[in-house]
Amino acid sequence: MMVDRDGYTQGLMDEPEAASFEGYFRDPSFAAESSLAWALGQRLDVLDAMRGLLSGGQASARLRLWVFLELAAHPQGRLQREDLNQLFHSLKPDALDTVLKRLRDLGLLIWDSTAQDYHLSPLAHHAQALLAPLARMASEDDEMASLLAQVAGAQALGLSDAGQIRHLHAQLARLYDDFADAIASGSEARLREAQPRFERALKLVGRAGEALTALIRSEHDDPRLEREARALGYGQARLLAMASQFTRALQQADRQRVTLGSTGITSSDVRHWLQSHPALSELLGDALSVGVRPIFVSGHDLLDVAEGEFERDRPDRQRSQGLPPPLEAVTGEMEVLHMPQELDDLIVQLGAWANVPDGGLPEQHPVTEVVLGGRFAQVAYRMQLLPLLGDAQARTLKGQTGDLARLPWRVELQPVVQSTDDEHVAVISVGQLSPEIESP
C-alpha cells in the first residue's frame, strides 16, 4: 500500500483488507436486508471514484473537483493534450499532471493510445451527475430546491425513484417540524425569522406541484414507489395547510406588539435595535460610576416614628362603632360590549349567499368581493375574520364570532397578491370563498 502527498491511498484501501461492510453489523444478515445498503453495494465503483476525488486536503480536493467538472462541462468529447493545456492554461504544469494522473487512476479519464487523445468514461458521467449541484451558485432555496428538481425532473422523464421521493418527504417533515416549533413558541422573533423560509418552501412546492400531483396520481407497478408517493402527497398537504396557522400566529404577534406612547415606536422596533446594537454594555454609560450611598438613622429616631404611627392608627373609643345607615341603591345601567358593525354585515352577506333558492349550491366568490369596501382598517378587519370560517374551535364560541365560524363557507388563500382598484388598498392576497358541502 502506498500513499501520495495528498493523502491518497493507492488501491483505494484506507482500512485493513479483512474489514467489510457486513462486519460492522451485529448480525451480518442485517446488511443484506436494507434496500439502501444493497443499492450502495451496486455502486461501489462510483463510491471509490468519489473517495479518490475528495481525499486529501481541502485545496487539493477543490482543485481535482474543479478540473473534473470543467472537463465534464466541456462540449468537446475527445481532447488532445494540447487542448487540455489550453483549457487549463492558468494551472501550473505539475499541478495539472498530478490531477490528470489521479483522474486516470480513478477510471474517470481514459487515455486512448490509438487516437492519442483523452475522453471521459461512463463512470465519470455518473460522478458528474452526483457533483453537479456543487457547480450551482449557492442560494437560500438549496435546502429543498435540489430535491424537488430531482423528483420533478425524474417524473417528467418517467424515471421516478422511491429513494428520491423518500428523501424529499423527510425534508418536508423536517421543515414542517421547524415551522410548527416557531408557531408553538409564540415568539415574534422566531416567527419573523422563519417567515422567509416558509414562504420560499411554499413557493417551491407550488412550482413543483403539477409534477408531484402527477406522480401521486399515476399508477406504478412498484408498491414501494406508490407508498412513498402517497406519503409525499400527505407531507405536501400538511405544509400547505400550515399557511393559515402561520398567518394567524403572525397576526397574534402583531396584536401583542406595544406602542411606546405617541412616538410610533413599538416594542418590536426596540427589540430590533437592541439586537443590532454592537455593545449593549455601553448603554449603561456612567450609571454605575457612583457607588451606593446608604443613609443611617439613629435608634431613638426610629422609636419616635414608630410610636407616632402607633398612636395615629389606634381607633377612637369615643367614636360610635355602629354600622352606617342603609341607603337606597342608585339606579344604574349595564353596558354590553358591541362587536363592530363590519362583523354583523359580513355574517349577513355570507348568510345571504348561502341561502340559494330551490336547494341549489352556492357559488364561489372571490375574497375581494367580500373584503373590499371602506377604509383600510375595515378591509384589514374583514380579512382577519375570514380564517375563522370553518374553524373547529371558533365554532364552539357563543356570540357573533361563533355565528361567523358556523357559516357553511371555507376560505382558500394563496401565497400570491393581486392589484385592486380600491382607493385604500393597493394589493391583496388572492383567494376565494368556497361553499362547504356536507358529506352524505
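Keep in mind it's a predicted model, so treat the numbers as computed, not measured.
The shortest distance between side-chain heavy atoms of Asp403 and Leu407 does not fall below 4.5 Å. Annotation: side chain of His365 is not in contact with side chain of Gln432 (no heavy-atom distance under 4.5 Å). Two residues are said to be in side-chain contact when any heavy atoms from C-beta on lie closer than 4.5 Å; Glu199 and Gln195 meet this criterion. Leu63 is listed as a side-chain neighbour of Leu91, based on a closest heavy-atom distance under 4.5 Å. The closest side-chain heavy-atom distance from Leu433 to Trp353 is below 4.5 Å. Two residues are said to be in side-chain contact when any heavy atoms from C-beta on lie closer than 4.5 Å; Val427 and Thr420 fail this criterion. Between Ser434 and Trp409, every side-chain heavy-atom pair lies at or beyond the 4.5 Å cut-off. Residues Gln414 and Ser429 fail the side-chain proximity criterion, which asks for heavy atoms closer than 4.5 Å.
How far CG of Leu103 is from CG of Leu71: 7.0 Å, rounded to the nearest 0.5 Å. Distance check, rounded to the nearest 0.5 Å: CZ of Arg43 to CG of Leu123 gives 9.0 Å. Atom CG of Leu404 sits about 10.5 Å away from atom CZ of Arg395, to the nearest 0.5 Å. Distance check, rounded to the nearest 0.5 Å: CD of Gln400 to CG of Leu346 gives 10.5 Å. Separating the CE atom in Met50 from the CG atom in Leu47 is a distance of 9.0 Å, to the nearest 0.5 Å. In this structure, Phe179 CZ and Met242 CE are separated by 8.0 Å, a value rounded to the nearest 0.5 Å.
Ion pairing between Asp178 and Arg197 holds under the 4.0 Å rule for side-chain N and carboxylate O. With respect to the salt-bridge test (charged N to carboxylate O, under 4.0 angstrom), the residues Asp391 and Arg406 do not qualify. The residues Arg51 and Asp48 are annotated as salt-bridged, a charged nitrogen and a carboxylate oxygen being separated by less than 4.0 angstrom.
Minimum heavy-atom separation, Arg104 to Trp111: CD-CB, 4.3 Å. The nearest pair of heavy atoms linking Arg190 to Ala182 is NH2-N, 3.8 Å. Arg64 and Leu54 make their closest contact through NH2-C, 4.1 Å (heavy atoms, listed as atom of the first residue, atom of the second, distance). Across every non-hydrogen atom of Gly107 and Ser121, the tightest pair is O-OG, 2.6 Å. Contact detail for Leu120 and Ala124: the closest heavy-atom pair is CB-CB, 4.0 Å. For the pair Arg410 and Gly390, the tightest heavy-atom approach, listed with the atom from each and the gap, is NH1-CA, 3.1 Å.
For Thr247 (side chain) and Ala243 (main-chain N/O), a donor-acceptor pair under 3.5 Å exists by modelled atom type. Between the His89 side chain and the Gln86 main chain, a donor and an acceptor come within less than 3.5 Å of each other.
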Distance-only check: which donor-acceptor pairs under 3.5 Å involve side-chain atoms of residues 372-386, not counting sequence neighbours?
| from | atom 1 | to | atom 2 | distance (Å) |
| --- | --- | --- | --- | --- |
| Gln378 | OE1 | Arg375 | N | 2.9 |
| Gln378 | NE2 | Glu342 | OE2 | 2.8 |
| Arg382 | NH1 | Val371 | O | 2.7 |
| Arg382 | NH1 | Gly373 | O | 2.8 |
| Arg382 | NH2 | Gly373 | O | 3.2 |

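Shown here is Asp177, whose CG atom has more than 12 heavy atoms of other residues, nucleotides or ligands within 6.0 Å. Heavy atoms from other residues, nucleotides or ligands lying under 6.0 Å from CD of Glu369 number more than 12. More than 12 heavy atoms of other shown residues, nucleotides or ligands fall within 6.0 angstrom of atom CD in Gln42.
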Output, in order, the C-alpha distance, side-chain angles, deciding distance and verdict of side chain to side chain contact (heavy atoms under 4.5 Å, CB included) for Leu109 and Leu100. CA-CA 8 Å; Leu109 187 63; Leu100 293 179; 3.7 Å; yes

Go through it in stages, so that I can follow the logic: the residues are Thr368 and Gln418, the test is side chain to side chain contact (heavy atoms under 4.5 Å, CB included), and I'd like the CA-CA distance, side-chain angles, deciding distance and then a yes or no. CA-CA 10 Å; Thr368 54; Gln418 62 178 355; 3.2 Å; yes

Let me see the working for Leu108 and Leu53 under side chain to side chain contact (heavy atoms under 4.5 Å, CB included), right down to the final yes or no. CA-CA 10 Å; Leu108 300 175; Leu53 281 173; 3.8 Å; yes

I would like to know whether Arg81 and Asp117 meet side chain to side chain contact (heavy atoms under 4.5 Å, CB included); could you show each step before the answer? CA-CA 7 Å; Arg81 181 53 196 252; Asp117 57 15; over 6 Å; no

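In the model, Arg102 has a side-chain atom that pairs as donor or acceptor with a side-chain atom of Ser55 under 3.5 Å. In this structure, a donor-acceptor pair under 3.5 Å is present between the side chains of Asp345 and Gln341.
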